[in-house]
Amino acid sequence: MVIVEYKVSEEGMFISFDAMKKIWRRLLAISGVKVEKTTGKNPKELLFFAKKTDLGVESMCEFVAFKTSLSGREVKDALENNMPKWLTLKKLFSKNLEETNPFEEETLSQYKLVETDLDEKKREVEDFFKGLDEQTKKRILTHEVAQDCVLFLAKDENFDVLHFVKDLLKALDLEKKEYRIIKEEAYFLRDSQVSLLETKFRIKE
Amino acid sequence: MDKTLLKILRNVEKPSRYVGGEVNMYAVNTEMRVRYCLCYPGLYEEGMARREVIIPYHLLNDRKGYSCERCFAPYFDMAKELKKERYPLFSLETKTPLSKFDILGVPLRSELNYTTILYMLELADLPYESKFRKEEFPLVYGFGDPAFNPEPLAEILDFFIIGDFEDTTIKVIDTVMKCKLSSLKKPDILRALSSVEGVYVPSLVSVEFDKNGKISRLKGKTVKRQVLRDLDRAYFPTKLIIPNENIKGESAFVEMMRGCDQGCRFCQEGYVYRPMRERRVQTLVNQATSQLVGSGFDHLRLWALESRAYSKMNNLVGFIDPLCEKMGATWSVDNLRENTMDGDAKMLKKSETITLNIEAGTQRLRNIINKSISDSDIESTLKNAIFNGYTSFELDFLIGLPFENAEDLANIVSIAKKTKELYATYHQGNKPLSLTVKTTTFVPKPFTPFEFCSFAGKKEIEKRQTFLETALGKIDAKYIHDDPKIAEIEAVLSRGDRRLNTFIMVAYKRGAIFNDPKHFNFEAYDDAFKITGLDIGLFTGKRDTKEILPWDLVDVGITKSFFLGELKKAMAGETTASCLHDCARCGLQGGCKYGHS
């Protein structure tokens with residue numbers, strides 16, 4: 001099973017989950033990546049998707065997994081020429097899974113704060129992340145200021161998102177701005193190279 | 001993407017309709033001398049499956065020195081946001097406002113889309129009427145089947161392409177480019193365009209009406225329909241865009257042939273795309289392979305107006321079937337006349353429901369409309385399908401046909417009954433029969449023998465539908481039908497003249513935008529009739545055979561005397577054989593390998 005970690009931006013963030021599944025299926029087909037099927041009377045493609053994030057939100061990492069005879073490297077080479085500009089391959093790795101959906105293993109909670117325009121404060125956001133204490137830094141795997149939101153990947157589910165966001169808003173001098181937190185479900189890979197909880201937020205003016 | 005657009009997209013239900021950036025989308029050069037945008041007057045998911053969008057889009061972008069962008073009508077929520085933010089309608093590729101293009105090409109799918117064109121123009125901050133769009137605005141033109149009668153849009157669109165659009169589109173862009181280089185004014189550009197074969201410029205046509213509301217004088221240049229003589233060598237796309245939305249019926253498709261040999265007297269396409277022209281099997285197989293490989297489809301459609309007429313069908317199926325199997329794809333044949341279905345039914349094997357386009361209930365009426373299908377054809381087709389395991393049947397008919405009577409309607413019910421009896425006798429197994437009878441209201445169209453006939457009228461159609469609903473209900477057959485009120489508006493717009501321009505503008509202003517039954521705004525059209533004072537009967541009524549018709553300056557190659565002869569034959573219940581068997585002497589000049597012309 002090849003697991004692909006990818007990032008969606010620009011036009012891609014407005015594509016529905018159902019359409020995204022079709023696009024991935026067709027992308028693999030035009031790239032010559034043959035996805036294997038289940039055995040039996042009604043064979044189904046061994047192609048699995050982790051739940052997509054909300055429409056209109058850039059993502060830092062999403063996942064698709066499929067069974068193929070190709071290696072992760074070969075899949076990457078095949079896909080690269082056909083990728084639309086809003087879809088970026090981040091990492092590809094192989095897992096020894098037969099016909100199991102790797103994304104059904106565990107579900108964690110994800111929080112996000114909704115609103116826009118953080119990219120104008122890119123510098124301040126960077127400074128905030130640089131200035132985090134060592135303990136928190138270890139828990140934040142990576143972060144990114146996207147077109148209109150800040151994305152960060154936190155390592156464990158006990159991470160106090162609310163507290164962290166409040167600190168960030170304070171650092172950005174956005175304390176008095178109105179914002180709301182939406183709770184949503186996100187999947188993560190248990191035994192893969194990275195076990196993640198993806199958290200994103202935007203700040204409402 | 002700018003912030004206002006991001007904000008707009010976050011507030012609409014299906015933002016992916018408006019973002020572009022699809023897999024296989026062309027990178028567009030914004031430095032082109034002539035910037036061209038296709039503006040489909042319908043939603044993204046509808047337009048992205050249409051040949052009228054797919055072919056010109058790929059044709060221009062695959063050609064060096066040309067580029068083409070796309071724009072689709074936004075849904076109400078998007079229109080509201082665009083207006084709220086004062087953000088003009090834009091192209092998907094580069095998000096350029098439509099007003100910044102040089103040419104906007106409008107694929108005219110149906111007459112009912114006319115008000116949607118105004119909706120798009122308004123959202124693009126463009127004046128509705130051609131005369132108010134000066135040099136700083138793009139030229140807006142229409143092409144497709146409804147363009148065969150351009151007059152209802154004469155004051156809205158600047159010009160029209162009549163017939164096969166492929167070569168003419170290139171000539172139009174070249175002409176506009178030359179005119180722009182010479183800094184010509186719009187009237188001069190239109191004059192230059194009128195010299196391009198197949199281009200109809202309504203501002204160069206004058207129309208006068210008599211006191212009875214009939215056309216008394218139609219003055220202008222006659223425009224000849226354009227015909228792609230060598231279809232086999234004509235451009236066809238090989239790598240299609242993968243849309244950002246899931247689209248019903250999304251598939252690879254190849255066009256086996258253009259035109260039709262049958263001469264069904266109600267069918268405009270059957271006449272205006274004569275002569276019948278085919279692509280070679282090898283060409284089709286190559287195109288199918290490229291599309292399946294280049295676009296990752298899992299289904300292939302073999303398309304033609306009348307697929308049974310494709311002379312090398314068995315040969316083509318012999319290649320397509322293993323090709324699709326190898327590529328893990330399914331395939332189907334569009335517009336198949338099942339009345340000649342043979343025993344093996346190989347061509348039908350992928351569809352679950354078998355649809356029989358019977359069109360009329362009695363042999364008498366089928367002769368009148370020149371539909372070459374007999375009662376025994378229907379029976380043997382049904383038997384064959386039942387033997388082949390089909391359990392779901394759809395029987396399609398037209399109602400409101402000229403010379404239709406009560407017996408024709410009663411016989412529709414008899415055919416449904418017969419289907420049930422045959423199923424009970426020949427079906428092996430326990431699966432119950434699924435039987436649907438579908439009727440569509442006949443609308444008389446220009447360039448058919450019935451162009452002189454009247455529209456049956458919505459009340460009369462409703463009466464006939466009620467009869468069928470009751471009678472079919474008694475035998476447990478499902479009955480579906482269209483809305484005769486929509487058909488009536490289509491009848492008005494199909495055979496209308498330039499007085500309808502104001503009518504269309506008023507209807508739009510009163511709220512007529514999309515044309516599907518869910519959104520169709522009858523009150524808006526009713527109001528438009530009241531406000532403009534136009535008599536609906538002028539457009540839906542019977543036409544005198546000597547009358548000047550609004551489309552008389554369009555020459556499709558078939559003579560008026562042929563259509564009149566066909567009408568006489570219809571009245572006498574006589575049929576005309578397929579072009580493949582006997583030339584009907586329709587008047588087509590050259591290019592027809594079957595006839596004498």
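Residue numbers start from 1 in every chain, and the chains themselves are labelled A, B, ... in the order their sequence lines are given, proteins ahead of strands.
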So, for A:Ile15 and B:Ser16, which heavy atoms are closest and what is the spacing to 0.1 Å? CA-CB, 4.0 Å
Can you check side chain to side chain contact (heavy atoms under 4.5 Å, CB included) on B:Ile247 and A:Lys22, steps first, answer last? CA-CA 10 Å; B:Ile247 291 175; A:Lys22 173 200 75 175; 5.5 Å; no
Residue B:Tyr18 versus chain A: region with a heavy atom under 4.5 Å: neither
Proximal component of B:Asn24, with respect to chain A [non-hydrogen, under 4.5 Å]: side chain
Can you list, pair by pair, the side-chain donor-acceptor contacts under 3.5 Å of residues 92-101 of chain B, counting residues two or more places apart and other chains?
unit_1	atom_1	unit_2	atom_2	d
B:Glu93	OE1	B:Arg70	N	2.8
B:Glu93	OE2	B:Tyr57	OH	3.0
B:Glu93	OE2	B:Arg70	NE	2.7
B:Glu93	OE2	B:Arg70	NH2	2.9
B:Thr94	OG1	B:Arg35	NH2	3.1
B:Thr94	OG1	B:Glu69	OE1	2.6
B:Thr94	OG1	B:Glu69	OE2	3.2
B:Thr94	OG1	B:Ser91	OG	3.4
B:Thr94	OG1	B:Thr96	OG1	2.5
B:Lys95	NZ	B:Val19	O	2.6
B:Lys95	NZ	B:Leu92	O	2.7
B:Thr96	OG1	B:Arg35	NH2	3.0

B:Val23 side chain near A:Ile30 side chain, heavy-atom distance below 4.5 Å: yes
With a 4.5 Å heavy-atom cut-off, do A:Arg25 and B:Ile242 have their side chains touching? no
Any chance you could lay out the side chain to side chain contact (heavy atoms under 4.5 Å, CB included) test for B:Arg10 and A:Phe14, step after step, and finish with the verdict? CA-CA 8 Å; B:Arg10 289 217 166 83; A:Phe14 293 107; 4.3 Å; yes
For B:Gln282, enumerate each residue passing the side-chain contact (heavy atoms from CB on, under 4.5 Å) test, keeping only those at least two apart in sequence or located in another chain. B:Arg280, B:Asn286
Residues pairing under salt bridge (Lys or Arg N to Asp or Glu O under 4.0 Å) where one sits in residues 288-297 of chain B, two or more places apart or in two chains, turn out to be none
Name the member of [options] that forms the most heavy-atom pairs with chain A at distances under 4.5 Å.
options	value
B:Gly328, B:Gly20, B:Pro243	B:Pro243
B:Val293, B:Asp298, B:Asn244	B:Asn244
B:Glu250, B:Met327, B:Arg17	B:Glu250

Can you tell me if [X] has over 12 outside heavy atoms packed within less than 6.0 Å of its [atom1]?
X	atom1	value
B:Tyr235	OH	yes
B:Arg51	CZ	yes
B:Arg109	CZ	no

Heavy atoms under 4.5 Å from chain B: which residues of residues 74-81 of chain A carry them? none
Do the side chains of A:Arg26 and B:Glu22 get close enough for a salt bridge, i.e. N-O under 4.0 angstrom? no
